[in-house]
Peer 1: 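The structure is given below, and queries will be raised subsequently.
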Protein chains: 2
Amino acid sequence: MTSDDAGAKSSLQRGVAILRLLADSNESGARLTDIARDLGLTPPTVHRILKTLVEEGMVESDKTTKRYRLGIDLFTMAARAGNPNNLRDICRPIMLRLSATLRDTIFLLVRSGFDAVCLDRSEGPFPIRSFTGDIGGRVTLGVGQGSLAILAFLPDEEREEVIRFNLPRMQGVGVLDEVYLRTEIARVRDLGYASRSTGLLPGMSGVAVPVLDREGHAVAALSVGTITERLNEERLPVVVDILKREAAGVRRQLNPFDPVLRRPAAVLGSGAA
Amino acid sequence: MTSDDAGAKSSLQRGVAILRLLADSNESGARLTDIARDLGLTPPTVHRILKTLVEEGMVESDKTTKRYRLGIDLFTMAARAGNPNNLRDICRPIMLRLSATLRDTIFLLVRSGFDAVCLDRSEGPFPIRSFTGDIGGRVTLGVGQGSLAILAFLPDEEREEVIRFNLPRMQGVGVLDEVYLRTEIARVRDLGYASRSTGLLPGMSGVAVPVLDREGHAVAALSVGTITERLNEERLPVVVDILKREAAGVRRQLNPFDPVLRRPAAVLGSGAA
DNA sequence: AGAAAGTTTCCGATATGCGGAATAAGTGAC
DNA sequence: GTCACTTATTCCGCATATCGGAAACTTTCT
């Protein structure tokens with residue numbers, strides 16, 4: 001469990017390790033001693049690093065309970081991450097439009113290592129459950145429609161690497177075996193979208209299309225999560241069509257050739273008030 | 001501009017400084033040399049720190065453009081930060097309910113120093129513009145309804161401190177002078193909610209109520225952002241009433257006395273996929 | 001192709017962070 | 001209420017990780 005990965009040396013690495021630990025325990029925060037134990041560090045070391053992190057605003061300490069948790073400054077900072085190529089900004093209005101017209105919840109997923117991460121979501125009126133969960137949530141790449149759509153459109157070698165790494169992680173989440181997975185992937189590549197009515201989450205279903213870069217490789221996925229009845233034979237092709245059109249639009253906007261794209265909107269001062 | 005603040009010493013501090021810098025330039029990322037210049041560091045130093053941060057997943061480097069930007073790992077972490085007292089978790093279902101019933105966008109704001117930070121938002125069907133912008137966005141405490149609702153219900157000394165500090169920062173964002181601000185605050189305290197139809201953003205309007213702690217001081221604000229027409233005389237009191245009721249509910253749940261509150265819901269595995 | 005700017009590696013001096021030990025503060029037992 | 005125990009914090013000498021100058025290497029611009 002406690003990764004205990006050999007040799008966290010520099011104070012920076014230790015600081016990050018502490019932040020990681022805090023991220024995993026932020027219900028009510030973590031205590032100094034526990035952090036020290038979990039990371040195999042001495043209390044004074046942890047204390048000093050925490051002090052620095054608190055001074056920097058990355059960590060907050062509740063002085064009464066002596067518990068540490070991630071600070072709001074970190075929250076603010078990190079909220080600005082996960083916007084590669086302005087992907088999130090570009091997709092925001094599209095997602096709003098989609099959730100409004102389709103009346104379902106829209107997800108924006110990107111790849112992060114062997115996971116897919118939910119970059120953004122736009123709620124529809126139907127309460128749904130999803131693998132990726134909230135914004136910032138992660139899911140094994142290949143599990144779930146959006147995640148699968150990305151995997152299917154990765155460059156060949158990368159896809160193979162991910163498959164090899166992820167197959168063991170997919171136990172019990174609907175991926176029966178390698179053959180099944182590869183069949184699914186082939187189908188997604190063929191159709192240009194991922195959809196499974198046999199949702200792993202009861203009553204839930206979804207459909208996703210990849211957002212491609214110039215080389216035709218997935219950089220993200222736009223995904224609709226809804227209740228199964230709402231993805232019937234009549235509705236599905238329409239939804240797919242709309243999604244594909246929007247994904248194509250995003251692809252166009254992602255093209256960094258156009259120099260005008262550098263400043264997309266510039267609404268209000270972006271801080272530094 | 002470039003703060004050039006004296007004496008960033010430890011590598012941890014430098015690492016955080018770099019992250020901060022990247023957070024402010026994440027359109028397409030920042031280059032090593034620029035970072036070095038802005039922080040008054042030598043390129044080798046910046047390079048080494050960046051390398052560590054990349055290894056730790058906090059920063060991504062686009063190998064083709066040689067630009068660095070905040071990594072998605074950090075984004076994931078942010079999703080778990082900014083949840084003091086489980087405030088965000090507690091408010092999430094409430095916000096979903098509110099945005100569904102009111103058909104407007106709901107914001108959850110908390111105080112952070114002299115700013116208000118948008119902890120969460122739940123989109124409604126009407127596209128709106130707000131001061132706080134996206135999740136993680138900041139705004140001067142006192143500007144905007146939610147922000148004002150928090151300010152108005154801070155402990156007296158703190159409120160005074162914030163007012164003193166923020167008055168100069170409020171130039172040109174609708175706060176005419178100190179008298180005006182104090183009048184507004186008094187009104188908000190009196191009414192129990194903040195609302196201005198004379199939105200600073202054309203056509204936009206909003207109403208917010210504070211979320212109070214046991215001492216009656218604001219810990220957060222629930223806010224509705226909408227188009228001005230939708231906050232007419234008929235609708236406003238109803239919205240305020242609903243908001244107040246929900247805020248009271250949150251206040252009850254925030255009470256850490258009740259030991260059962262420690263585990264609120266535990267829906268699905270919270271990660272570790 | 002040549003020049004300039006930027007990135008990355010190398011390495012010795014030294015400043016920085018490390019953790020043992022001691023102190024202080026907080027918590028629970030009786 | 002006092003005592004014993006756990007946890008947090010400070011101190012300080014030693015050692016190590018960090019710094020940055022110099023240089024090799026790569027990319028970009030003209």
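Note that this is a predicted model, so its numbers are computed, not measured.
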Peer 1: Walk me through whether A/Arg138 and B/Thr76 qualify under side chain to side chain donor-acceptor pair (under 3.5 Å).
Peer 2: CA-CA 8 Å; A/Arg138 304 181 87 97; B/Thr76 301; 2.7 Å; yes

Peer 1: Specify the separation, in whole Å, of atom NE2 of B/His47 and atom C1' of D/dT18.
Peer 2: 15 Å

Peer 1: Could B/Arg169 and B/Phe114 be counted as a cation-pi pair, given that NZ or CZ must be under 6.0 Å from the ring centre and within 45° of the axis?
Peer 2: no

Peer 1: Do the side chain of B/Asp34 and the main chain of B/Asp38 share a donor and acceptor less than 3.5 angstrom apart?
Peer 2: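 No, B/Asp34 side chain to B/Asp38 backbone: no donor-acceptor pair under 3.5 Å.
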
Peer 1: Give the intermediate values and the outcome of side chain to side chain donor-acceptor pair (under 3.5 Å) for residues B/Arg14 and B/Thr45.
Peer 2: CA-CA 9 Å; B/Arg14 291 176 182 196; B/Thr45 300; 4.7 Å; no

Peer 1: Could you tell me how far apart A/Lys63 (NZ) and D/dT9 (P) are, to the nearest whole angstrom?
Peer 2: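 Answer to the nearest Å: 10 Å.
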
Peer 1: Okay, side chain of B/Gln253, backbone of B/Ile90: is any donor-acceptor separation there less than 3.5 Å?
Peer 2: no

Peer 1: Could you tell me the separation between the CG atom of A/Leu32 and the P atom of C/dA24, rounded to a whole number of Å?
Peer 2: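 These atoms are roughly 19 Å apart.
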
Peer 1: Rounded to whole Å, how long is the line connecting atom CZ of A/Arg31 with atom C1' of C/dA25?
Peer 2: 14 Å

Peer 1: Round to the nearest Å and state the distance from B/Arg67 atom CZ to D/dT26 atom P.
Peer 2: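 Spelled out: CZ on B/Arg67 to P on D/dT26 is 22 Å.
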
Peer 1: Distance check needed: C/dA5 C1' versus B/Ile35 CD1, whole Å only.
Peer 2: 16 Å

Peer 1: Tell me which nucleotide among D/dT10, C/dT8, C/dG26 gets nearest to the side chain of A/Lys66.
Peer 2: C/dG26

Peer 1: For nucleotides 17-23 of chain C, read 5' to 3', which letter fits each nucleotide if B means a protein heavy atom sits under 4.0 Å from the base, S means only the sugar-phosphate is that close, and - means neither?
Peer 2: SBBBB--

Peer 1: Specify the angle, to 10°, made by the local axes at the two ends of the helix from C/dA1-D/dT30 to C/dC30-D/dG1 when five pairs are taken at each end.
Peer 2: 60°

Peer 1: Show your working on salt bridge (charged side-chain N to carboxylate O under 4.0 Å, His left out) between B/Arg31 and B/Asp62 and close with a plain yes or no.
Peer 2: CA-CA 10 Å; B/Arg31 289 181 319 171; B/Asp62 188 328; over 6 Å; no

Peer 1: Among B/Leu50, B/Leu53, B/Ile18, find the one that has a side-chain contact (heavy atoms from CB on, under 4.5 Å) with B/Tyr68.
Peer 2: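 It is B/Leu50, the one option of B/Leu50, B/Leu53, B/Ile18 that forms the side-chain contact (heavy atoms from CB on, under 4.5 Å) with B/Tyr68.
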
Peer 1: Can you check salt bridge (charged side-chain N to carboxylate O under 4.0 Å, His left out) on A/Arg92 and A/Asp120, steps first, answer last?
Peer 2: CA-CA 8 Å; A/Arg92 167 57 56 88; A/Asp120 203 357; 2.8 Å; yes

